[in-house]
Structure formats: structure tokens, C-alpha cells
Visitor: 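To start, I am sharing the structure in question, which I have written as C-alpha cells.
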Amino acid sequence: MSDPMRPRASLRTAVVWDVLKDALDRRVKAMGTDALDVLDTGGGSGYFAVPVAQLGHRVTVVDPSPNALFALERRAAEAGVADRVRGVQGDIHGLFDVVERGAYDVVLCHGVLEYVDDPGEGVRNAVDALRSSGAISLLAAGLGGAVLARALAGHFTEARQALSDPAGRWGAGDPVPRRFTAEQLAELVAEAGVDVGAVHGVRVFADLVPGVLVDTEPGALDALLELEAAAAELPAFHAVATQLHVLGEKRG
């Protein structure tokens, strides 16, 4: 199977996919099983769920959008994994109205915490969906990346506003309701009963490099992917990443 996260459009998710696939492989070996039960909260049309199912795992996607779930069903069918992907309508706050507590080996919570009223409750629910020692993959918007992007675009007042705003927003027109630092995310998962295994900076350079350069310069895409991977685990770059990824394990 070709790696689903390597095309040009996947620059923004390649690091997360590599980390997630490795975590799934480790979990499979630890449990001595071929297939895991994976919950993807806010999984939308299955951008991660379908590739995970292609690895042989059973995936439940919870999303509030009927249109996204319809797209998920179509994508899973086209990939030949419709029997391993289930979509249910719901959200992280009402998670246990639609799925069972403590029933999953791995939970994905990607692009969810920015939009919920109570991020702490969202993380606690995600963790409560895990079996003992299960793994959680958390991806959320990073504060530093937004500040840097606004400054490089010449919007210095907005960059300063994002720095001082408790939610990390640069103004009323900001489409993202909330952003986090790596420390804030690590604290949220720790308080929810998770031992943090790794923190990664995602899209450290990808959003800053002109697309025409990546598309036209021979070898530029692969070189940029390698640069993103090399910088992802270095704490110095977490402060300027567009997104932050936290991987952890529920305390037994």
C-alpha cells in the first residue's frame, strides 16, 4: 500500500501520520493483536481514519457534520475498508451518548480542542474512551505559528494581539477560536491522566514556504518533508509551529 500521507497536499500532516503509524505499530506489538479499536473524534471525512483502517484496524469516527460522515462513508468504500470504518454523529462533549466508555485502544483528537467550549472536558472524555494504557494522539493549533504568520504578513498589531489574548486570537476575524502552547496541551493531557510520551511541532516550515517553490524546484518536496520531520521533536521549534501534536498513554 502506498503511503497515503506523502502527496504534495499532505505536507501539513506527514509528521503526524508518521508518528501515529509508529504508535499504532507499537500498540499492536504490545497487545499481541493484529487489529486495534480506534476512535477518531472530530474525524470528519476520514483523512486519518481511512488510512488507519487500511492498516487493518477498526475505526469509529465521531463527527457532528452529516455531510462529513457521508464523505467518510464514500471515502471508506472507495478505499475498500467500509467494513472497518463506522461513522456516528456526535461531538466530544457528548461523546458517551454515542460510543462506549473505555472501549478503545487508541483515540485520535485532531483539530477538536480549538473549537470546544471546554478543552479540559474534551481531553478528559477522549481519555475516558480509552482502555487501560491506551494511547491518545492530540493535535491542536499552536499559538506561536499564528503569531509568526501574522507578523510575516505585515500584520504586526494582530501578531501582538494574538500574543496577549488568552485564547491566542489575533482579532475578531480570526477563524480559529483558540490556540495553545505546547506546555498548555501537555498540562491538559497530564491532568486527564495521561503520561506524555512525545510532543511534536507540526507545520513548522510548510506554511511559510511559497508553494511555487515546492512545486517547481526538483527535490524540494522531499527535502521539506525531511526538514519538517527533523525539526518536529526539537522543543525550540514547538514555539513557532502552526500545530502541536501530543502523543501520550493513559495511566494504568
Side-chain angles (χ1 to χ4, degrees), residues 13 16 20 23 36-50 52-53 57-73 76 85-143 146 165-169 172 174-196 199 202 242-251:
T13 52
V16 179
L20 177 60
L36 302 174
D37 292 309
V38 180
L39 175 65
D40 189 353
T41 64
S45 61
Y47 194 71
F48 279 95
V50 169
V52 168
H57 306 301
R58 298 175 292 269
V59 187
T60 298
V61 175
V62 176
D63 196 276
S65 169
N67 290 337
L69 293 174
F70 178 77
L72 166 71
E73 184 178 350
V85 177
R86 179 175 72 102
V88 292
Q89 190 172 359
D91 59 38
I92 193 75
H93 285 316
L95 188 59
F96 300 115
D97 294 334
V98 294
V99 301
E100 185 180 350
R101 192 182 300 266
Y104 298 91
D105 303 301
V106 179
V107 171
L108 315 186
C109 185
H110 296 172
V112 173
L113 299 186
E114 300 95 321
Y115 300 97
V116 298
D117 294 332
D118 186 343
E121 181 190 2
V123 175
R124 288 192 298 273
N125 283 351
V127 174
D128 285 347
L130 285 169
R131 294 177 176 131
S132 179
S133 299
I136 182 169
S137 172
L138 181 68
L139 182 69
L143 171 62
D165 185 77
R169 304 186 76 232
D174 192 336
V176 179
R178 185 182 291 105
R179 295 184 178 88
F180 303 87
T181 64
E183 292 76 17
Q184 288 171 332
L185 284 180
E187 183 177 349
L188 280 174
V189 297
E191 289 177 349
V194 169
D195 291 324
V196 176
V199 178
V202 180
T242 299
Q243 290 181 310
L244 295 164
H245 181 242
V246 176
L247 187 69
E249 185 174 297
K250 183 176 181 179
R251 297 187 194 113

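Worth knowing before you read on, the calculation uses all heavy atoms, side chains too, and leaves out hydrogens, waters and symmetry mates. What you see is a predicted model, and the numbers here were worked out from it, not measured in a lab.
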Visitor: For the residue pair Asp63 and Ala68, what are the closest heavy atoms and their distance?
Guide: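 Heavy atoms only, the tightest pair is OD1-CB, 3.8 Å.
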
Visitor: Mind listing the closest non-hydrogen atom pair of Ala71 and Ser45 along with its distance?
Guide: CB-CB, 3.7 Å

Visitor: Are more than 12 heavy atoms, taken from residues, nucleotides or ligands other than Glu100, located less than 6.0 Å from that residue's CD atom?
Guide: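 12 or below, so no.
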
Visitor: Where is the tightest heavy-atom contact between Leu244 and Thr181, given as atom of each residue plus distance?
Guide: CD1-C, 3.5 Å

Visitor: Hey, what do you get for CD1 (Ile92) to CG (Leu39), rounding to the nearest 0.5 Å?
Guide: 7.5 Å

Visitor: Is there a donor-acceptor pair under 3.5 Å between the side chain of Asp105 and the backbone N or O of Asp37?
Guide: yes

Visitor: So, the side chain of Arg178 versus the backbone of Val116: is there a donor-acceptor pair under 3.5 Å, distance only?
Guide: yes

Visitor: For residues Asp165 and Asp174, determine if any side-chain heavy atom of one lies less than 4.5 Å from a side-chain heavy atom of the other.
Guide: no

Visitor: So with a 6.0 Å cut-off around CZ of Phe70, is the heavy-atom count from everything else above 12?
Guide: no

Visitor: What is the minimum heavy-atom distance between Leu72 and Gly87, and which atoms define it?
Guide: CD2-CA, 3.9 Å

Visitor: Do Val59 and Phe48 make a side-chain contact, defined as non-hydrogen atoms from C-beta onward lying under 4.5 Å apart?
Guide: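 They are not in contact (no side-chain heavy atoms under 4.5 Å apart), so the answer is no.
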
Visitor: Which atom names give the shortest non-hydrogen contact between Tyr115 and Pro175, and what distance separates them?
Guide: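 Minimum heavy-atom separation between Tyr115 and Pro175: CE2-O, 4.0 Å.
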
Visitor: How long is the gap from CZ on Arg101 to CZ on Arg131, to the nearest 0.5 Å?
Guide: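 Taking CZ in Arg101 and CZ in Arg131, the distance rounds to 15.0 Å.
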
Visitor: Please report the interatomic distance CG(Asn125) to OG1(Thr41), rounded to the nearest 0.5 Å.
Guide: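 Output value for this atom pair is 9.5 Å.
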
Visitor: Show the nearest heavy-atom pair for residues Ala192 and Val127, with the distance to one decimal.
Guide: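 Taking every non-hydrogen atom into account, O-CG1, 3.4 Å.
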
Visitor: Donor-acceptor pair, distance only, cut-off 3.5 Å: does the side chain of Asp40 make one with the backbone of Val61?
Guide: no

Visitor: Indicate yes or no: at least one non-hydrogen side-chain atom of Val98 is less than 4.5 angstrom from one of Val62.
Guide: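 Sidechains of Val62 and Val98: in contact.
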
Visitor: For atom CD of Gln184, decide whether the heavy atoms of other residues, nucleotides or ligands shown that lie under 6.0 angstrom number more than 12.
Guide: yes

Visitor: Test of understanding: with side-chain contact (heavy atoms from CB on, under 4.5 Å), list the residues that count as partners of Ser137, not counting sequence neighbours.
Guide: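 Scan of Ser137 (side-chain contact (heavy atoms from CB on, under 4.5 Å), adjacent residues dropped) gives Leu20, Leu108, His110, His245, Leu247.
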
Visitor: Using atom types as modelled and distance alone, determine if a side-chain donor or acceptor of Glu114 lies under 3.5 Å from a backbone N or O of Val112.
Guide: yes

Visitor: Nearest 0.5 angstrom please: Asp195 CG to Glu249 CD, how far?
Guide: 7.0 Å

Visitor: With sequence neighbours left out, what residues match Asp118 under salt bridge (charged side-chain N to carboxylate O under 4.0 Å, His left out)?
Guide: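 Asp118 satisfies salt bridge (charged side-chain N to carboxylate O under 4.0 Å, His left out) with no other residue.
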
Visitor: Measuring only between side-chain heavy atoms, which start at C-beta, is Val189 closer than 4.5 Å to Leu138?
Guide: yes

Visitor: Quick check against the 3.5 Å criterion: does Arg251 have a side-chain atom that pairs as donor or acceptor with the backbone of Ala190?
Guide: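 Yes: the side chain of Arg251 pairs with the backbone of Ala190.
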
Visitor: Drop me the distance from Phe96's CZ to Asp128's CG, to the nearest 0.5 angstrom.
Guide: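 Going from the CZ atom of Phe96 to the CG atom of Asp128 covers 5.0 Å.
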
